[in-house]
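Report on one structure; see the data block that follows.
None of the values given here were measured: they were computed from a predicted structure. Side-chain atoms are counted along with the backbone in the values below, which use heavy atoms only and exclude waters and symmetry mates.
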Amino acid sequence: MDNTKSLYQEVILDHNRKPRNYGTLEHPSHHAVGHNPLCGDHLDLSLQVENDQINYIAFHGESCAICKASASMMTTAVKGKTRATAETLIEEFRQMAMGKLDLNHPHQLGRLTVFSGIRDLPTRVKCAILPWHTLHAALNALTSISTEADNDPIQSPSGNT
Amino acid sequence: MANNNVTTALKSCDDFDVESIRKDFPILNIKVGDKPLTYLDNAASSQMPQQVIDRWIHYQTAQHANINRAVHYLSEIATDAYEDARRKVQQFVNAREDREIIFTSGTTDSINLVMHGYGRQFIQADDEIILTTLEHHSNIVPWQMLAKEKGAVIRVVPVNDHGELDIDAYEKLFNERTKFVGLIHVSNALGTINPIKRMINYAHQQDIPVLIDGAQAAPHMAINVQDLDCDFYTFSAHKLCGPTGIGMLYGKSALLEAMQPFKGGGDMITSVTFEKTTYADIPHKFEAGTPPIAGAIGFGAAIDYLNMIGLDRIAAYESKLLDYATERFLDIKGAKILGTAAHKTAVLSFVLDGIHPHDIGTILNHDGIAIRTGHHCAQPVMQRFNVPATSRASFAFYNNESEVETLIKGIKAVQKVFL
Ligand SMILES: Cc1ncc(COP(=O)(O)O)c(C=O)c1O
């Protein structure tokens, strides 16, 4: 429970108000749009990758604070890194959001661990993961993904009543 | 429904003892973390009073067997209790006969039954089906499936900025190809009470049958299907203090008799050979297999409970609570209520400037407040109002003014987080 407030206070406030790398790239080499049908949110992500290194990354879209902050922090975390590092972060972030990552073991998430509390909010896990799914899609040339897609670890129908 | 009923009920509203009613609902005592529960998601599903829980337990402890099949003691008791529940539903909606009441698994199931049993038989290529912008997905998707299968066309009644149906536009949608009308009685997303009697009357002038989705109406006002003269009416027990997995479909007997069965199986036949099956009479024709017997009995008990309190008194109390909540909402800067119809049930669908509904829902949950956030299975309504989602507080007769205050305080706290 208390994670809710700390989650919002520490991270969201800053990155939601002042999202980093917000906008579009003029000549992206990679691009993908992520959708969360549960809330109608979408996230547009573009990257400029050269020699396997992510030189530039930008996002925009409409989403809740958790998604936006996750996207903002993701862009700062992967900018200047190699694809391989980005893929590792994607996997670690997903595992953490689902409560499957032992944070006591070595990992590369750094400040991103502020999202660890999301595992206690199962309905919001998708919001935090969407940017990472989208990054994975962009790097692997899938142009559009949805959190309802087959490869989504947390399947649930979209909304109710 | 009659206006004079409401006025007399309003006068007696002061004797509506919500605090003693709350004692009937054990779940209202639970804590969410260290906060008392403030349950404002009644449009999604309402809570069950002890009386209904007790009836359910009694059935399972002393009355359970399969119905309609055996001559033994328990089977007779269970069959009687099941059919007794059917009569309770019949009286609850004032249907002419109990065989006009079909037990289904809920509103969604009922609408699918009508789509298969009536639609597939009587709707052909180029025929038109009229629905409204306010429909829940359960009264859209089945008709879309039918339209696709048959090459039929769906026409949609628009709504104005208050969330009220445009009745002139509705009447203009009719033409010689119109074959069916599906109307939501009360909007789950906005709370709008639609003028269905007038709309049914208009459709009947052109001889078009009308199905009413009453999922959000039956818990909040007295329903009289003979007075409405609707052809089909449906709702779910779980929004009406009853159990999940059970609902009702009312259909005029002549229509139900003309329709083909939806599901085939046991209990819906009079004789079966491999050459030919003769179907049972209504309502059993539409109740294939072992029905949710306990559910139906719980449904009946929920109706007893609501009758004990009185639907007119419930309507009057909830209307006062809505007025109170709507006025208190004015206190919240940057909040906008969607759905400001003149006739509304106690639903507040709202958006807050700069704050996403899901963040609102998550933070309110921290204070023990349960509301709904999202599209409420009514995406066309969201599209009409140009929002991806709303936050929705929906009230029941066991909610009180102090819970409204908790909500208002909670929303202000959400705004503070985002300040
Ligand atoms: C207006 C309306 N129609 C239909 C439904 C579907 O009811 P059920 O899910 O019980 O079948 C709901 C609620 O879920 C509703 O609010």
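Between K68(A) atom NZ and H356(B) atom NE2 the span is 10.5 Å, to the nearest 0.5 Å. Taking CG of N16(A) as the start and CD1 of I355(B) as the end, the distance is 9.0 Å to the nearest 0.5 Å. In this structure, the separation between CG on N365(B) and CG on L121(A) is 8.0 Å, given to the nearest 0.5 Å.
Around atom OH of Y22(A), more than 12 heavy atoms belonging to other residues, nucleotides or ligands sit under 6.0 Å away. The number of heavy atoms from other shown groups lying within 6.0 Å of CG (N51(A)) does not exceed 12. Heavy-atom contacts from other residues, nucleotides or ligands closer than 6.0 Å to NZ of K81(A) number more than 12. Under a cut-off of 6.0 angstrom, the local environment of NZ in K412(B) is crowded, with over 12 non-hydrogen atoms contributed by other residues, nucleotides or ligands. Residue-environment remark: CZ (R111(A)) stays at or below the threshold of 12 foreign heavy atoms within 6.0 Å.
The main-chain N or O of A65(A) is found under 3.5 Å from a side-chain atom of D359(B) such that the two form a donor-acceptor pair.
When heavy atoms are compared at a cutoff of 4.5 Å, I66(A) approaches chain B by way of both its backbone and its side chain. For chain A, the nearby part of L419(B) is the backbone; its heavy atoms alone come within less than 4.5 Å. Interface remark: S63(A) contributes backbone atoms only to the contact with chain B (heavy atom separation under 4.5 Å).
Ranking E62(A), R17(A), R124(A) against chain B, the residue ahead of the rest is R124(A), based on heavy-atom pairs under 4.5 Å.
Looking at every heavy atom in both residues, C127(A) comes nearest to H358(B) through SG-ND1, 4.4 Å. The two atoms that bring V417(B) and Y8(A) nearest to each other are CG1-CB, 4.0 Å, heavy atoms only.
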